[in-house]
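Below is one structure, written out as structure tokens, with a few remarks after it.
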Protein chains: 2
Amino acid sequence: MNSTSVLAELPLLERRTLSDTVYEALSDLLASGRLAPGDRLSLRQSAAALGVSVMPVREAVSRLAADGVLEVAPNRVIRVPVMSADAFRALVETRIAVEGIAVARAAELRTATELAAIRRTEAAFRAEAEAAEPDRARAVQLNRDLHFAIYGACGLGPLQEIIARLWLKAGPVINLDLRAHPERLRQGFALRRHAEAVVAIENRDGAAAAAAIAADIREAAEFILTRGGLRDVQGED
Amino acid sequence: MNSTSVLAELPLLERRTLSDTVYEALSDLLASGRLAPGDRLSLRQSAAALGVSVMPVREAVSRLAADGVLEVAPNRVIRVPVMSADAFRALVETRIAVEGIAVARAAELRTATELAAIRRTEAAFRAEAEAAEPDRARAVQLNRDLHFAIYGACGLGPLQEIIARLWLKAGPVINLDLRAHPERLRQGFALRRHAEAVVAIENRDGAAAAAAIAADIREAAEFILTRGGLRDVQGED
DNA sequence: TCACCCAAACTGTGATCACAGATCACTAGC
DNA sequence: GCTAGTGATCTGTGATCACAGTTTGGGTGA
């Protein structure tokens, strides 16, 4: 009935269910490392804490569990999985491969606008990291923003979703370590690799960009592995 | 208390919830193309058909929806998404990139046992495809078996999970097309590419193996795209 | 004959209840 | 003093109910 097709441009607003909200809340807890590997989770307690019934929490948890971000043991205990060193290495190799593709494509396809956004977030991260008293949580968030600003330019939606899931999976162990061992040299490495990546993206040099991100990922992983923060058996203490 | 450590070898039996079972049932429907893009799904009807309550179906659907294999519209209608041609192309490019990594690694790392298994499934697919009256459903399954036999040799668990999800997402449109247009030349291409891949894997030639699989994927996709089986708008008829 | 409207029958979402199994603290028995 | 047993209390899972919003079909109006 209504006149023109101006309406056709409406972004088809997405509905937010309580489950979605709970999912994001839990994701945030995991990504920020406040839920550490081995931590247990109770449906009822979580529901009470969030002020909802167990239903939305249940759905959110089952989604997280499907992604391997949470696991429910045969004892019916929900917890964030403790990764063996080998599993962590496999995850890191996967990340290097997949994120390498994304950043290589991004370097070759990025528009001027995207490059500007990447530069901006890189600068923001650098500023936070070099601050006299850096806010760790904020640095983590900015690091994530930078990576995804890059991946966002790869032109492949499905690939970005995959990477987001990988980050969710790696988040607890990485950020737990970051909480345990205040950043120090980690950030020095990250800053250098980020700078290399940005330069490579400016030059549309996909291979160099992928190498920089690969080094960024690998160095952070090595740092954690040498710290011995990962147990090889899944004991609890 | 119990004597020896024979118990330690028990495979830690995984529990199967009803949700898991429903999830597999729906996945199978989608992977085999019996649920086509645009088809709607009702929680209560599905539950009744499966002889369970809506709860397990709800959880399974929410998992599928999280993976983008199903979508629930703002109208609260569950359906398998209709992919635009562009979205399909992005999915195909992602598959080529990700599965390319897996097959390249598999070619370089495969053991003799894994190679034998790959050869076996390749032969099985060839036999079915060259049969006088090939069973389409079985051919689809064998094609899948072959691909995953290869990816299983890549040594990266997380990567295999990613690929499985990608297949689930691409399954409906690919298999719907396969149902609509009886195989014909499609299989001729597939046979050649599979043979090339197996040879490359025998020679531990990662690049060649990746190229063969990329061609396999791309040719199937081109076939579908030129058929015009994909709508560019998400209308319903 | 066509357009409109209203009511009945659906839809998914969320809350609540019921249940089997696991955990843990406590106590009875040696 | 230590172990084995036992009951209360927790766990996730599944079923059922309640609700608001949507769809749909039949009927009434012009």
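So that the names make sense, note that chain A is the first sequence line, chain B the second, and so on, each numbered from 1.
Side chain to side chain, S32(B) and R34(B) meet the donor-acceptor criterion of an N or O pair below 3.5 Å.
Sorted by first and then second residue, the ring-ring contact (aromatic ring centres under 6.0 Å, His included) pairs involving residues 155-178 of chain A (not counting sequence neighbours) are H147(A)-W167(A), F148(A)-W167(A). Counting only residues at least two apart or in different chains, salt bridge (charged side-chain N to carboxylate O under 4.0 Å, His left out) contacts with residues 137-155 of chain A comprise E128(A)-R138(A).
Note that CG of L50(A) and OG1 of T21(A) are 9.5 Å apart. Values are rounded to the nearest 0.5 Å.
Out of dT22(D), dT13(C), dG14(C), the shortest distance to the side chain of S19(A) is found at dG14(C). The T17(A) side chain lies nearest to dG14(C) when the options are dA20(D), dG14(C), dT24(D).
When rounded to the nearest whole Å, the span between CG of N75(B) and P of dG21(D) equals 14 Å. Rounded to whole Å, atom P of dT9(D) lies 16 Å from atom CD of Q45(A). In this structure, R79(A) places its CZ atom 13 Å from P of dG12(D), rounding to the nearest Å. Rounding to whole angstrom units, CZ of residue R40(A) and P of dC10(D) are separated by 13 Å. Separating the CZ atom of R16(A) from the P atom of dT13(C) is a distance of 14 Å, rounded to the nearest angstrom. Taking atom CG of L43(B) as the reference point, atom P of dG14(D) lies 15 Å away to the nearest angstrom.
Between R44(B) and R44(A), it is R44(B) whose nearest contact on DNA chain C lies nearer the 5' terminus. Checking R76(A) against R76(B), the closest nucleotide of DNA chain D that is more toward the 5' end is the one next to R76(A).
We find that E99(B) and R95(B) are joined by a salt bridge, their nearest charged nitrogen and carboxylate oxygen being less than 4.0 Å apart. By the 4.0 Å N-to-carboxylate-O rule, R16(B) lies close enough to E24(B) to be salt-bridged with it.
Listed by residue number, S53(B), V54(B), M55(B), P56(B) are the residues of residues 53-70 of chain B with a heavy-atom contact under 4.0 Å to DNA chain D.
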